[in-house]
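Since the structure comes first, as structure tokens, the remarks are kept for the end.
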Amino acid sequence: MENLFRLVDHEDLFSRRCIWVNGPVIVGAGPSGLATAACLREQGVPFMVLERADCIASLWQRRTYDRLKLHLPKQFCQLPKLPFPEDFPEYPTKKQFISYLESYAKKFDINPQFNECVQSARYDETSGLWRVKTVTSSSSTRNEVEYICRWLVVATGENAECVMPEIEGLNEFKGEVIHACDYKSGESFRGKKVLVVGCGNSGMELSLDLCNHHASPSMVVRSSVHVLPREVFGRSTFELAVMMLQWLPLWLVDKILLILAWLVLGNIEKLGLKRPSTGPLELKNTEGKTPVLDIGALKRIRSGDIKVVPGIKRFNNDDVELVNGENLDVDAVVLATGYRSNVPSWLQEGEFFSKNGYPKMPFPHGWKGNAGLYAVGFTKRGLSGASSDAVKIAQDIGNVWKQETKQKKQRTTACHRRCISQF
């Protein structure tokens, strides 16, 4: 490590701590980061997990609604090396999933550095090491730390930042406006007219939840959307699709799924929900657009409890004007407009990641970059995709680690020291 001390210039010596991590730095303590850490632990590779929030899985703990359940059966959502408890239902609740993640972290002795917000990460060509600069976000005091490591694992995921749409007049609207990440329950909207912007799984579920709490939701549907039953003949639709894909081409599985959807759900275009011309699985693979799995919203749309409306032209003080010229009187707006990656805001790298914050290489090749850079949780294939990435990343790093150390046993805690030279 003769080049290590060159990484710290004279000014940084007095303003920033510099810590050497004897193993990879994992940015993000969500399911993707935890899965990678657990797999590295099994390989005997030390690591450091950095997390900007004060808890693991902050998206699940802080930015999800109360009624949320896993959309897929639990066998498709468990992380490597530890299945869900047998007494968990097929679709675990939000609280159950968080409990599972906490027990997962405990089992594999994963102790993230919380409140460490990564400001930048770049590869230093001179030393052949990564420099990861963080700021502690828990107090008014600004504490800066620079972590030096050989491997960098980006595990911040596809849902790091809320997407806030720019809609004319939204700032002038006098009613309450929140993003879905701040929505907990429809109880606070009881008796109110609520406009839900977005018709994905979140938009559908929030509209249903609002109905259940005696609010009057209108759901904005700007474009086409695939809606599939969550179950067909008592079996998970996703599980059926996975089984059929083992024997049939994707285009045929898509056709079968649409026939089954028509048999179970009927013609949804009569409800104002136009299906895309591309099949649901092909659309997921090519554009990452997940089909909606219906858990009761369509029934409420048919009954008129949920009103489907077209796109928004502009907001006024007390109402919203739609593209069809209709004006809706609404009390509140919930923006179910999704999330996006935040990787471009901090990772100083242009070969592996594209400007939209996703690896340039398509699945299944988007997990490994150059110079010790890895990505986990960007496959647009949910928790199963993240788990697959985590296993491959840990094996790849583990192979190098074992070859270079030539030791049978390795310490399984991150080793760090102050990278400040003595003059």
Side-chain angles (χ1 to χ4, degrees), residues 7 21 23-37 39-40 47-53 57-59 63 112-113 116-135 146-164 284-290 337-397 400:
L7 296 173
V21 177
V25 164
I26 302 169
V27 183
S32 298
L34 296 178
T36 306
C39 292
L40 287 167
F47 55 84
M48 174 73 75
V49 181
L50 304 179
E51 169 57 47
R52 64 180 177 179
S58 61
L59 174 67
R63 295 190 287 167
Q113 294 289 108
E116 292 273 3
C117 184
V118 175
Q119 301 295 295
S120 67
R122 72 177 182 86
Y123 183 70
D124 188 282
E125 297 281 354
T126 304
S127 63
L129 299 170
W130 285 91
R131 304 177 61 167
V132 184
K133 298 181 180 181
T134 71
V135 172
E146 183 170 45
Y147 295 91
I148 310 298
C149 57
R150 181 171 174 184
W151 297 285
L152 178 65
V153 180
V154 179
T156 48
E158 303 162 349
N159 302 316
E161 302 290 346
C162 303
V163 174
M164 300 295 290
K284 174 67 175 174
N285 287 347
T286 56
E287 299 182 23
K289 193 172 181 180
T290 304
T337 45
Y339 301 85
R340 61 171 166 244
S341 165
N342 71 351
V343 173
S345 69
W346 59 270
L347 182 62
Q348 298 174 18
E349 187 273 344
E351 294 183 4
F352 184 41
F353 278 90
S354 59
K355 291 182 179 180
N356 68 358
Y358 286 82
K360 293 179 179 179
M361 292 293 289
F363 178 83
H365 307 294
W367 60 278
K368 183 178 180 180
N370 297 321
L373 179 62
Y374 297 89
V376 56
F378 294 88
T379 63
K380 298 182 181 179
R381 283 167 171 77
L383 294 166
S384 61
S387 295
S388 174
D389 283 345
V391 171
K392 288 185 285 189
I393 291 169
Q395 288 176 345
D396 198 60
I397 295 176
V400 176

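Numbering starts at 1 and runs along the sequence shown. Note that the structure is a prediction, hence the values are computed from the model and not measured.
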Just do the side-chain contact (heavy atoms from CB on, under 4.5 Å) check on L373 and L152 with the steps written out, would you?
CA-CA 5 Å; L373 179 62; L152 178 65; 3.9 Å; yes
Contact summary for [X] and [Y], nearest pair of heavy atoms:
X	Y	result
G23	W151	C-CE3, 3.9 Å
V376	A386	CG2-O, 3.4 Å
M48	Y147	CE-CE2, 4.3 Å
A375	D389	O-OD2, 3.9 Å
S341	Y358	CB-CE1, 4.4 Å

Please round to the nearest 0.5 Å and tell me the distance separating atom [atom1] of [X] and atom [atom2] of [Y].
X	Y	atom1	atom2	value
L34	C39	CG	SG	11.0 Å
R63	N159	CZ	CG	7.5 Å
N342	T156	CG	OG1	5.0 Å
L59	Y339	CG	OH	5.5 Å
M361	F352	CE	CZ	9.0 Å
M164	T337	CE	OG1	6.5 Å

Donor-acceptor pair, side chain of [X] and main chain of [Y], under 3.5 angstrom:
X	Y	value
D124	S127	yes
E51	A29	yes
T36	S32	yes
K284	K380	yes
W346	K133	no

Full working for side-chain contact (heavy atoms from CB on, under 4.5 Å) between V343 and F378
CA-CA 11 Å; V343 173; F378 294 88; 3.8 Å; yes
Pairing residues for E161 by the salt bridge (charged side-chain N to carboxylate O under 4.0 Å, His left out) criterion, not counting sequence neighbours:
R52
Counting C-beta onward and ignoring hydrogens, is there a side-chain heavy-atom pair between S388 and T379 closer than 4.5 Å?
no
Sort and list the pairs that fulfil salt bridge (Lys or Arg N to Asp or Glu O under 4.0 Å) and have at least one residue in residues 350-362, not counting sequence neighbours.
none
Residue N356 excluded, over 12 heavy atoms near CG under 6.0 Å:
yes
Y374 and D396: side-chain contact (heavy atoms from CB on, under 4.5 Å), yes or no, with the steps?
CA-CA 10 Å; Y374 297 89; D396 198 60; 2.5 Å; yes
Run the numbers on F353 and L347 for side-chain contact (heavy atoms from CB on, under 4.5 Å), then give the verdict.
CA-CA 9 Å; F353 278 90; L347 182 62; 3.5 Å; yes
